[in-house]
Amino acid sequence: MGLLLIDEIIPLFLIMAHITLPELMMVTISKIAGLIGPLGMIMIARLLAGIDLKKVFTQKRIYQITILKMVIVPLLVLGLLFVLSRFGIDEDQKMILWIVFLAVITPSAAMVSQLAQLHDNEPSYASAINGMTTIISIFFMPIMTEIFMQII
(Lines give C-alpha, C1' and ligand atoms only; values in the text may rest on other atoms or scores of the structure.)
Protein backbone atom coordinates (compact mmCIF):
# COMPACT_ATOMS: atom_id res chain seq x y z
CA MET A 1 0.00 0.00 0.00
CA GLY A 2 1.42 3.40 -0.96
CA LEU A 3 2.08 6.15 1.54
CA LEU A 4 -0.52 8.41 -0.04
CA LEU A 5 -3.20 5.80 0.44
CA ILE A 6 -2.17 5.25 4.06
CA ASP A 7 -2.30 9.04 4.60
CA GLU A 8 -5.92 8.94 3.50
CA ILE A 9 -7.04 5.75 5.24
CA ILE A 10 -5.78 6.59 8.75
CA PRO A 11 -7.63 9.94 9.05
CA LEU A 12 -10.75 8.39 7.53
CA PHE A 13 -10.63 5.62 10.12
CA LEU A 14 -10.11 8.13 12.95
CA ILE A 15 -13.05 10.21 11.79
CA MET A 16 -15.40 7.28 11.30
CA ALA A 17 -14.43 5.75 14.66
CA HIS A 18 -14.89 9.13 16.39
CA ILE A 19 -11.38 8.93 17.79
CA THR A 20 -9.92 12.24 18.89
CA LEU A 21 -6.19 12.73 19.06
CA PRO A 22 -4.46 14.30 22.06
CA GLU A 23 -4.21 18.11 21.99
CA LEU A 24 -0.43 18.04 21.47
CA MET A 25 -0.81 15.89 18.34
CA MET A 26 -3.60 18.09 16.98
CA VAL A 27 -1.52 21.25 17.45
CA THR A 28 1.51 19.61 15.82
CA ILE A 29 -0.53 18.39 12.85
CA SER A 30 -2.11 21.83 12.50
CA LYS A 31 1.31 23.54 12.46
CA ILE A 32 2.66 21.11 9.88
CA ALA A 33 -0.46 21.56 7.73
CA GLY A 34 0.12 25.31 7.81
CA LEU A 35 3.54 24.76 6.23
CA ILE A 36 2.31 22.86 3.18
CA GLY A 37 1.34 25.90 1.10
CA PRO A 38 4.48 27.95 1.78
CA LEU A 39 6.76 24.95 1.23
CA GLY A 40 5.12 24.25 -2.13
CA MET A 41 5.65 27.88 -3.13
CA ILE A 42 9.31 27.76 -2.06
CA MET A 43 9.77 24.62 -4.15
CA ILE A 44 8.22 26.26 -7.22
CA ALA A 45 10.24 29.44 -6.71
CA ARG A 46 13.43 27.40 -6.52
CA LEU A 47 12.57 25.63 -9.76
CA LEU A 48 11.51 28.87 -11.49
CA ALA A 49 14.76 30.56 -10.44
CA GLY A 50 16.70 28.00 -12.43
CA ILE A 51 14.90 28.42 -15.75
CA ASP A 52 15.38 30.85 -18.60
CA LEU A 53 12.30 33.12 -18.55
CA LYS A 54 12.83 34.17 -22.14
CA LYS A 55 12.64 30.52 -23.16
CA VAL A 56 9.48 30.06 -21.08
CA PHE A 57 7.63 33.05 -22.50
CA THR A 58 8.51 32.14 -26.08
CA GLN A 59 7.16 28.58 -25.89
CA LYS A 60 3.83 28.44 -27.67
CA ARG A 61 2.83 25.21 -25.90
CA ILE A 62 2.86 26.85 -22.45
CA TYR A 63 0.40 29.50 -23.65
CA GLN A 64 -1.84 26.80 -25.13
CA ILE A 65 -1.86 24.81 -21.89
CA THR A 66 -2.48 27.96 -19.85
CA ILE A 67 -5.42 29.05 -22.00
CA LEU A 68 -6.88 25.55 -21.89
CA LYS A 69 -6.48 25.28 -18.10
CA MET A 70 -7.50 28.81 -17.13
CA VAL A 71 -10.10 29.79 -19.76
CA ILE A 72 -11.53 26.98 -21.90
CA VAL A 73 -12.01 24.29 -19.22
CA PRO A 74 -13.48 26.75 -16.67
CA LEU A 75 -15.96 28.05 -19.27
CA LEU A 76 -17.01 24.50 -20.15
CA VAL A 77 -17.46 23.61 -16.48
CA LEU A 78 -19.32 26.88 -15.91
CA GLY A 79 -21.71 25.94 -18.72
CA LEU A 80 -22.27 22.52 -17.14
CA LEU A 81 -22.86 24.08 -13.71
CA PHE A 82 -25.27 26.57 -15.29
CA VAL A 83 -27.30 23.70 -16.75
CA LEU A 84 -27.27 21.89 -13.38
CA SER A 85 -28.38 25.03 -11.58
CA ARG A 86 -31.48 25.31 -13.79
CA PHE A 87 -32.92 22.28 -12.00
CA GLY A 88 -33.38 24.43 -8.90
CA ILE A 89 -30.77 24.65 -6.18
CA ASP A 90 -30.75 26.10 -2.69
CA GLU A 91 -27.97 28.22 -1.16
CA ASP A 92 -26.06 25.23 0.26
CA GLN A 93 -26.02 23.55 -3.14
CA LYS A 94 -24.91 26.79 -4.77
CA MET A 95 -22.01 26.94 -2.30
CA ILE A 96 -21.01 23.37 -3.20
CA LEU A 97 -21.09 24.22 -6.91
CA TRP A 98 -18.97 27.30 -6.21
CA ILE A 99 -16.37 25.20 -4.37
CA VAL A 100 -16.25 22.79 -7.31
CA PHE A 101 -15.82 25.73 -9.67
CA LEU A 102 -13.05 27.21 -7.50
CA ALA A 103 -11.17 23.93 -7.78
CA VAL A 104 -11.42 24.20 -11.56
CA ILE A 105 -10.23 27.82 -11.85
CA THR A 106 -7.20 27.52 -9.58
CA PRO A 107 -3.73 27.35 -11.14
CA SER A 108 -2.03 24.03 -11.77
CA ALA A 109 -0.96 22.47 -8.51
CA ALA A 110 2.52 22.77 -7.05
CA MET A 111 2.36 19.00 -6.70
CA VAL A 112 2.77 18.71 -10.49
CA SER A 113 6.12 20.50 -10.31
CA GLN A 114 7.20 18.44 -7.31
CA LEU A 115 6.32 15.15 -8.99
CA ALA A 116 8.09 16.24 -12.16
CA GLN A 117 11.22 16.97 -10.13
CA LEU A 118 10.94 13.73 -8.15
CA HIS A 119 10.72 11.66 -11.35
CA ASP A 120 13.18 13.88 -13.26
CA ASN A 121 10.56 14.56 -15.93
CA GLU A 122 11.09 18.16 -17.08
CA PRO A 123 10.58 19.92 -13.73
CA SER A 124 11.43 23.31 -15.22
CA TYR A 125 8.67 22.90 -17.84
CA ALA A 126 6.15 21.88 -15.15
CA SER A 127 7.21 24.84 -13.01
CA ALA A 128 6.87 27.19 -15.96
CA ILE A 129 3.29 26.01 -16.51
CA ASN A 130 2.59 26.38 -12.80
CA GLY A 131 4.06 29.87 -12.78
CA MET A 132 2.17 30.95 -15.88
CA THR A 133 -1.18 29.64 -14.64
CA THR A 134 -0.56 31.30 -11.27
CA ILE A 135 0.10 34.67 -12.93
CA ILE A 136 -2.97 34.32 -15.14
CA SER A 137 -5.12 33.26 -12.17
CA ILE A 138 -4.56 36.67 -10.57
CA PHE A 139 -6.66 38.14 -13.36
CA PHE A 140 -9.01 35.30 -14.29
CA MET A 141 -10.10 33.96 -10.88
CA PRO A 142 -11.95 37.16 -9.90
CA ILE A 143 -13.51 37.44 -13.36
CA MET A 144 -14.62 33.80 -13.41
CA THR A 145 -15.93 34.05 -9.85
CA GLU A 146 -17.99 37.12 -10.74
CA ILE A 147 -19.40 35.37 -13.82
CA PHE A 148 -20.30 32.36 -11.64
CA MET A 149 -22.06 34.57 -9.09
CA GLN A 150 -24.03 36.35 -11.83
CA ILE A 151 -25.33 33.30 -13.66
CA ILE A 152 -25.65 30.59 -11.02
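It should be emphasised that the depicted structure is a prediction, and the values quoted were computed from it without experimental measurement.
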Heavy atoms, side chains only, cut-off 4.5 Å: are Ile65 and Thr133 in contact? no

Can you tell me how far the CD atom of Gln93 sits from the CD1 atom of Ile152, to the nearest 0.5 Å? 12.5 Å

Are the side chains of Gln64 and Leu68 in touch, meaning some heavy atoms are under 4.5 Å apart? no

Do Leu97 and Phe148 have side chains that get closer than 4.5 Å, going by heavy atoms? yes

Between the side chain of Ser137 and the main-chain N/O of Thr134, is any donor-acceptor distance below 3.5 Å? yes

In this structure, would Ile99 and Leu76 fall into the same cluster of hydrophobic residues linked by side-chain contacts under 4.5 Å? yes

How long is the span from the OG1 atom in Thr106 to the CE atom in Met70, to the nearest 0.5 Å? 7.0 Å

Once you round to the nearest 0.5 Å, how far does CG of Asn121 lie from CG of Leu115? 10.0 Å

In one Ile/Leu/Val/Met/Phe/Trp/Tyr side-chain cluster, 4.5 Å: Leu78, Val100: no

Quick check: do Val71 and Phe140 have side-chain heavy atoms less than 4.5 Å from each other? yes

Taking all non-hydrogen atoms of both residues into account, name the closest pair between Ile62 and Ala128 and its distance. CD1-CB, 3.7 Å

When rounded to the nearest 0.5 angstrom, what is the spacing between CZ in Phe139 and CE in Met144? 14.0 Å

A side-chain contact here means heavy atoms from C-beta on lying under 4.5 Å apart; do Met141 and Pro107 qualify? yes

Applying the 4.5 Å side-chain criterion to the ILVMFWY set and letting contacts propagate, would Met149 and Val104 be lumped into a single cluster? yes

Take atom CZ of Arg61 as the centre, draw a 6.0 Å sphere, and report whether it contains more than 12 heavy atoms from other residues, nucleotides or ligands. no

Find out whether Ile19 and Phe13 are in side-chain contact, i.e. whether some heavy atom of one side chain is under 4.5 Å from a heavy atom of the other. yes

Joint hydrophobic cluster, Ile10 plus Ile29, side-chain heavy atoms closer than 4.5 Å: yes

Taking Ile89 as the starting point, is it possible to reach Phe82 by hopping between hydrophobic residues whose side chains are less than 4.5 Å apart? yes

Would you indicate whether the side-chain heavy atoms of Tyr63 and Lys60 approach each other to under 4.5 Å? no

How long is the gap from CE on Met16 to CD1 on Ile9, to the nearest 0.5 Å? 12.0 Å

Would a 4.5 Å heavy-atom cut-off, applied to side chains only, mark Thr145 and Phe101 as touching? no

To the closest 0.5 Å, what do you measure between NZ (Lys94) and CD1 (Ile96)? 13.5 Å

So, does Gln150 use its side chain to make a donor-acceptor pair with the main chain of Ile147 at under 3.5 Å? no

